[in-house]
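See structure below.
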Amino acid sequence: MNAPHLNRAMVLEGVVRTPDGAGGFSSVWTALGTLWAEVLPGSGNDTLGEERMLSAVPYRITVRGAPVGSESRPRAGQRFREGTRLFWIQAVTERDAQGRYLTCFAREEVPK
């Protein structure tokens, strides 16, 4: 296995739900830390969003490994932010048997 080229700083974000005072909740994305990553694109496609067409591109984002349960270990349902770009994490797996690196399968959705 070749070591990945971790050359992009990406902010890992998680959603925090807080009571809205009316019996419901509001969701706010919070930064959990910055991780250096290698980002490799897949092939894109168009999907229908709630009100408009979205262009969705899959990515494999590789970061350094972190112990299970650590706040710096990405999980499905979180996202990476790079400037104004958002990458929604769908699944995470160890890239190697020693767990030195993690591969995050993510999608970037861009409004058309």
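Here, residue 1 is the first one in the sequence, and each next residue gets the next number.
- When every heavy atom of Asp20 is checked against every heavy atom of Ser26, the shortest pair comes out as CB-N, 4.4 Å.
- One finds the OG1 atom of Thr62 at 9.5 Å from the OH atom of Tyr101 (value rounded to the nearest 0.5 Å).
- With rounding to the nearest 0.5 Å, the separation of CG in Leu35 from CG in Leu6 is 10.0 Å.
- The list of salt bridge (Lys or Arg N to Asp or Glu O under 4.0 Å) pairs with a residue in residues 9-19, not counting sequence neighbours, reads Glu13-Arg79, Glu13-Arg81.
- Of the inter-residue distances, the one linking Ile89 atom CD1 with Cys104 atom SG reads 5.0 Å to the nearest 0.5 angstrom.
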Worked verdict on Arg107 versus Phe87 for side-chain contact (heavy atoms from CB on, under 4.5 Å):
CA-CA 5 Å; Arg107 289 188 91 71; Phe87 301 86; over 6 Å; no

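- Listed here is the closest heavy atom pair of Val63 and Ala37: CG1-CB, 3.8 Å.
- Between the side chains of Thr93 and Thr103, no donor-acceptor pair of N or O atoms lies under 3.5 Å.
- Shown here for Val11 and Ala31, the closest heavy-atom pair between the two residues is CG1-CB, 3.8 Å.
- Contact between Ser27 and Val15 at its shortest, heavy atoms only, is CB-CG2, 3.5 Å.
- Summarising the geometry, atom OG1 belonging to Thr34 is positioned 14.0 Å from atom CZ belonging to Arg8; distances are rounded to the nearest 0.5 Å.
- Inter-residue side-chain proximity for Glu38 and Arg95 is flagged as met; some heavy-atom pair is nearer than 4.5 Å.
- Open room surrounds CZ on Arg75; 12 or fewer heavy atoms of other groups in view lie less than 6.0 Å from it.
- Within the 4.5 Å cutoff, no side-chain heavy atoms of Ser72 are placed close to those of Leu12.
- A distance of 9.5 Å separates CG in Leu40 from CD1 in Ile61, rounded to the nearest 0.5 Å.
- Sorted by first and then second residue, the salt bridge (Lys or Arg N to Asp or Glu O under 4.0 Å) pairs with a member in residues 59-74 read Arg73-Glu94; sequence neighbours excluded.
- Between Trp88 and the choices Phe105, Phe80, Trp29, the ring-ring contact (aromatic ring centres under 6.0 Å, His included) rule is met once, by Trp29.
- Rounded to the nearest 0.5 Å, atoms CG (Leu86) and CD (Glu108) are 8.0 Å apart.
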